[in-house]
Amino acid sequence: MSRRALYLACAAGIGFVALFAATRWSDTHTGAALAEPALTGERIARGAYLAKMGDCAACHSVPGKPPFSGGLRMETPIGALFTSNITPDRRYGIGNYTLADFDRALRYGVAAGHTLYPAMPYSAYSITRPEDVAALYAYFKQGVAAAAVPNRDSEIIFPLSMRWPLTVWRWLYAPTPRPFAAPPGMDRQLARGAYLVQGLGHCGDCHTARGVSLQVRALGPADGPAYLGGASVDGWHAPSLRNGGAATIGAWSEADIAQFLTGGANRHGSAFGSMSDVIVNSTAHLTDDDARAAARFLKSLPDTGGRAYRYDPAASLALRRGDADARGARLYLDNCAACHRPDGKGYERVFPPLAGNPVVATATAESLIRIVLAGAQTPRTAAAPAQFAMPAFAWRLSNQEVADVVTFIRTSWGNDASPVEVRAVGRLRETAGRNTPP
Ligand code: HEC
Ligand code: HEC
Ligand code: HEC
């Protein structure tokens, strides 16, 4: 080895050791010193509400196991990991946590001296206010039953399972935790909505696109039009929540959005896929004021432009004349029109309209293909206790037929989205089969 190469190798070695030491130091010195709060009944009740708002159950509770005892399998590109037990169990849960430990996990993404995988949405939670962190802490200490369920090790293999690169990720991408402060003069309800949607609600974890390092590209409106601009997540497409053309909720009023969040459906569409779970576990429990505040904030986002939707009766008139020559029209009449009607307008809050529905107009058709293959059921909430089902067509329609009928709904009644290729259906058929509801 030449002398120069030796120097370089030494320098790289020293650099690596220094980096490693710096990550260790950061993981053991991050966070703020905080005094223990009184665990009053009022604070615990407030924490229970905030836990709904933050949808902690979505990831930390698994059906058939004690609430918040963890164990949900989450796939990542490098292997599966499992969520933690966050019940007050002293051995396996967070029974020995202080408020400072809890705050460190929730807002800084650091627990037990290591950085957490960003599957835990600490980038969003980082703006949670101190009184809300204390209320959540009180709830998880006293309002949740301790469950002695051991944590499961991740299936990520060595050396990828080393956690120090996560510390580097955190330095690069996680914002410095800072309690949300509304800009001076901001309307109280709008400020409440901004706090809820960007913070505990972590809506951007699904609705904002991610970068190559899986970081959420934009954490708030100041970060530009990527914020809530729509993204694909776990085989569903979470559409744009901004104002803009036909593929956004620009045509929805504040009341429409609030109704969707609390009841799972409105005159424009109904919830399915991962949004159904968000509604059942989280947003259906919001007070009317908070649901309205979230809607208000979404309506305040700058317009991203695009052609607005206008109903076009041509497809409906053709179907009524018995003219089913358009690609997929016959399939639509035979399989879909009984519920979604030949005019594509459905029956309000029973069978969603397909005409002018933003989920039909999104650039990617993955949600549409998947819902046709696997079917769906509207979420059951206190505001909408009756459930309506969409049948699965995986066994009845070929890949070509699914592509044709989805193309029909994407190009009829004024919908102006791209046609669907048969290949895309083939790719989704296998995963949709696995996720078919019972
Ligand atoms: C989208 C999924 C998701 C949501 C929502 C979520 N978590 Fe987590 N959480 C995780 C995952 C995954 C881990 C483990 C990460 C790891 O092992 O690096 C975790 C870890 C934690 C830990 C660290 C526990 C430990 O000692 O290892 C705490 C505390 C925690 N979460 C609390 C909460 C609270 C409180 C909420 C609701 C406000 C919440 N989480 C919401 C996914 C989630
Ligand atoms: C776990 C991922 C996930 C999270 C978190 C999430 N969403 Fe969604 N959301 C989706 C998916 C997937 C859809 C598409 C299915 C549908 O329309 O129901 C969707 C659809 C929606 C729609 C309907 C859009 C349309 O064009 O039909 C609204 C409104 C919405 N979400 C609001 C929110 C708000 C507000 C939050 C935060 C409180 C949130 N979402 C959090 C995944 C998520
Ligand atoms: C028995 C009645 C029924 C039939 C037949 C039916 N659907 Fe549905 N469809 C529903 C219901 C109910 C929902 C709402 C599901 C949910 O919210 O989870 C739905 C949802 C949808 C959605 C998502 C829209 C939204 O906002 O939720 C699309 C797209 C869709 N159907 C397309 C089709 C197509 C294409 C066909 C024919 C191949 C079809 N449906 C046949 C009842 C039906």
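As the structure lists them, so they are numbered: ligands from 1, and atoms in each ligand from 1.
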Taking the non-hydrogen atoms of [X], is any one of them nearer than 4.0 angstrom to ligand 1?
X    : value
H202 : yes
A58  : no
H114 : no

Side chain, backbone, both or neither: [X] near ligand 1, heavy atoms under 4.0 Å:
X    : result
L166 : neither
R152 : neither
L116 : both
N151 : neither
S154 : neither
H60  : side chain

Sub-4.0 Å heavy-atom contact, A338 with ligand 3
no

State if V350 counts as touching ligand 3 under the rule of any non-hydrogen atom under 4.0 Å.
yes

Atoms of ligand 1 under 4.0 Å from any heavy atom of M74, numbered from 1 in the order shown, are 2 (C), 12 (C)

If you measure every N or O of [X] against every N or O of ligand 1, does any of those distances drop under 3.5 Å?
X    : result
Y125 : no
S84  : yes
D55  : no

Taking only Lys NZ, Arg NE, NH1 and NH2, and the carboxylate oxygens of Asp or Glu, determine whether R242 and D303 approach each other closer than 4.0 Å.
no

Within-cut-off N or O pair, [X] and ligand 3, under 3.5 Å:
X    : result
N357 : yes
H340 : yes
A271 : yes

Enumerate the atoms of ligand 3 whose separation from the nearest heavy atom of A389 is less than 4.0 angstrom.
1 (C), 2 (C), 12 (C), 42 (C)

Assess, by modelled atom type and distance only, whether the side chains of N85 and T87 contain a donor and an acceptor separated by less than 3.5 Å.
yes

Protein contact to [atom] [nearest heavy atom, distance to 0.1 Å]:
atom                    : result
atom 17 (O) of ligand 2 : V359 CG1, 3.4 Å
atom 3 (C) of ligand 2  : C206 SG, 2.7 Å
atom 40 (N) of ligand 2 : H207 NE2, 2.9 Å

So for V278, does at least one of its heavy atoms come nearer than 4.0 angstrom to any atom of ligand 2?
yes

For ligand 2, is D205 a contact, meaning one of its heavy atoms is under 4.0 Å away?
no

Has C203 got an N, O or S atom lying less than 2.8 Å from atom 8 (Fe) of ligand 2?
no

If the cut-off is 2.8 Å, does any N/O/S atom of M275 fall short of it from atom 8 (Fe) of ligand 2?
yes

